[in-house]
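Atoms within each ligand, like the ligands themselves, are counted from 1 in listed order.
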Amino acid sequence: QSARVRIVATGGTIAGAQAKAGEYGYKAGAFDVQQLIDAVPNLNKLAVISGEQVVKIGSQDMNDEVWLKLANRVNAILNSPDYDGVVITHGTDTLEETAYFLSLVTHSDKPIVMVAAMRPATAISADGPGNLYNAVAAAASPLARGRGVLISLNDELDYARNATKTNATRVQTFASVNRGPAALANTGTINWFAPLEKKYGRTSVFSVDGLTSLPRVDILYAYPNMSVDLIDAAVKNGAKGLVIAGVGAGNMTEPALNRLAEAAKAGVVVVRSTRTGSGIIYRNNEIDDDKMNFVASGELNPGKSRVLLQLALTKTADPRQVQQYFDQY
Ligand SMILES: NC(=O)C[C@H](N)C(=O)O
């Protein structure tokens with residue numbers, strides 16, 4: 001008996017159309033969910049497929065409102081006895097954030113696989129159909145159960161928490177930089193590796209139930225001669241949390257550091273991450289986080305740190321408690 005997989009479409013390059021065949025430029029989110037399904041030969045041999053469109057955007061336009069809408073919709077599908085798994089088509093630009101967000105606010109063991117593409121649907125050797133084929137194969141597999149949200153691109157499946165877009169233009173862009181992939185996929189045949197030993201899904205304490213907005217968290221990028229001006233602007237405009245994309249292991253200039261310690265004292269939660277793209281930010285390494293009341297991001301890059309901090313702030317503004325979340329999730 002075939003698994004029943006619901007495909008939820010949001011737009012992105014996977015649904016993109018070139019203005020003129022053979023041209024580089026294109027519009028994201030031009031095709032709808034049924035057109036994406038119809039473009040993949042034999043997809044209906046993997047599972048009983050149905051689809052729905054939630055939004056039709058380039059993922060650069062993703063926002064908190066769409067996240068809440070999407071999370072509520074995905075939770076409804078997962079809770080329904082009519083479906084065994086979900087596939088979500090999305091743009092690559094903010095895929096890692098949406099995937100991590102959904103992994104923290106869904107609480108089902110049913111497979112959730114996000115899929116995207118680097119080439120528009122009309123391109124020569126478009127990568128979307130192959131990525132979607134692997135995504136549906138994963139979503140239909142009992143071996144994907146309990147693994148949380150997965151990302152399918154370029155013959156690889158990655159855990160939402162670990163994967164990041166490493167290249168702005170090339171097809172081989174998503175990678176689990178601090179760890180290995182969740183699985184390798186080859187035309188729907190999937191070789192699974194170790195499960196993710198972190199909290200997500202069933203064990204996550206976070207939820208979108210009753211939420212109509214998310215706390216504001218801004219990301220600040222560190223650089224030589226970094227001043228306090230953008231820190232002040234973020235706090236003045238209502239940021240409840242700040243993530244610093246620090247130089248190296250989460251460092252920044254002395255003036256920035258001191259101003260952030262003041263902000264932390266005033267109740268803004270400050271997380272130190274890194275602009276390098278990989279590596280682990282440890283507590284009290286070069287910076288005295290205990291004294292300054294900062295949080296160290298561990299393996300989470302700035303974008304994912306922002307997601308976790310937004311959800312953490314729905315529970316607490318205590319940096320010690322937030323640090324525990326960063327250690328566990
Ligand atoms: N490859 C892509 O999907 C990029 C596109 N800008 C998006 O994120 O929607």
So, Arg6 and Glu52, do they make that salt bridge, N to O below 4.0 Å?
yes

Ranked by distance from atom 5 (C) of ligand 1, the top protein heavy atom is Thr13 OG1, 3.3 Å

Salt bridge flag under 4.0 Å for residues Arg320 and Asp290:
yes

Quick check on contacts: which atoms of ligand 1 are under 4.0 angstrom from a heavy atom of Gln60?
5 (C), 6 (N), 7 (C), 8 (O), 9 (O)

Residue part near ligand 1, for Ala117, under 4.0 Å between non-hydrogen atoms
backbone

Please determine whether a side-chain nitrogen of the Lys or Arg among Lys265 and Glu262 lies less than 4.0 Å from a carboxylate oxygen of the Asp or Glu.
no

Does any N or O of ligand 1 fall below 3.5 Å from an N or O anywhere on Tyr26, backbone included?
no

Tell me whether Gly16 reaches ligand 1 (any heavy atom closer than 4.0 angstrom to a ligand atom).
no

Can you sort out which atoms of ligand 1 are near Ser59, meaning under 4.0 Å from one of its heavy atoms?
7 (C), 8 (O), 9 (O)

Taking 4.0 angstrom as the limit, do Glu299 and Arg161 come out as a salt bridge?
yes

So, His90 and Thr98: side-chain donor and acceptor under 3.5 Å apart, yes or no?
yes

In the protein, what heavy atom is nearest to atom 1 (N) of ligand 1, and what distance, to one decimal place, separates them?
Thr92 OG1, 2.6 Å

Which atoms of ligand 1 sit under 4.0 Å from any heavy atom of Gly58?
9 (O)

Is a salt bridge present between Arg4 and Asp84, judged by a nitrogen-to-oxygen distance below 4.0 Å?
yes

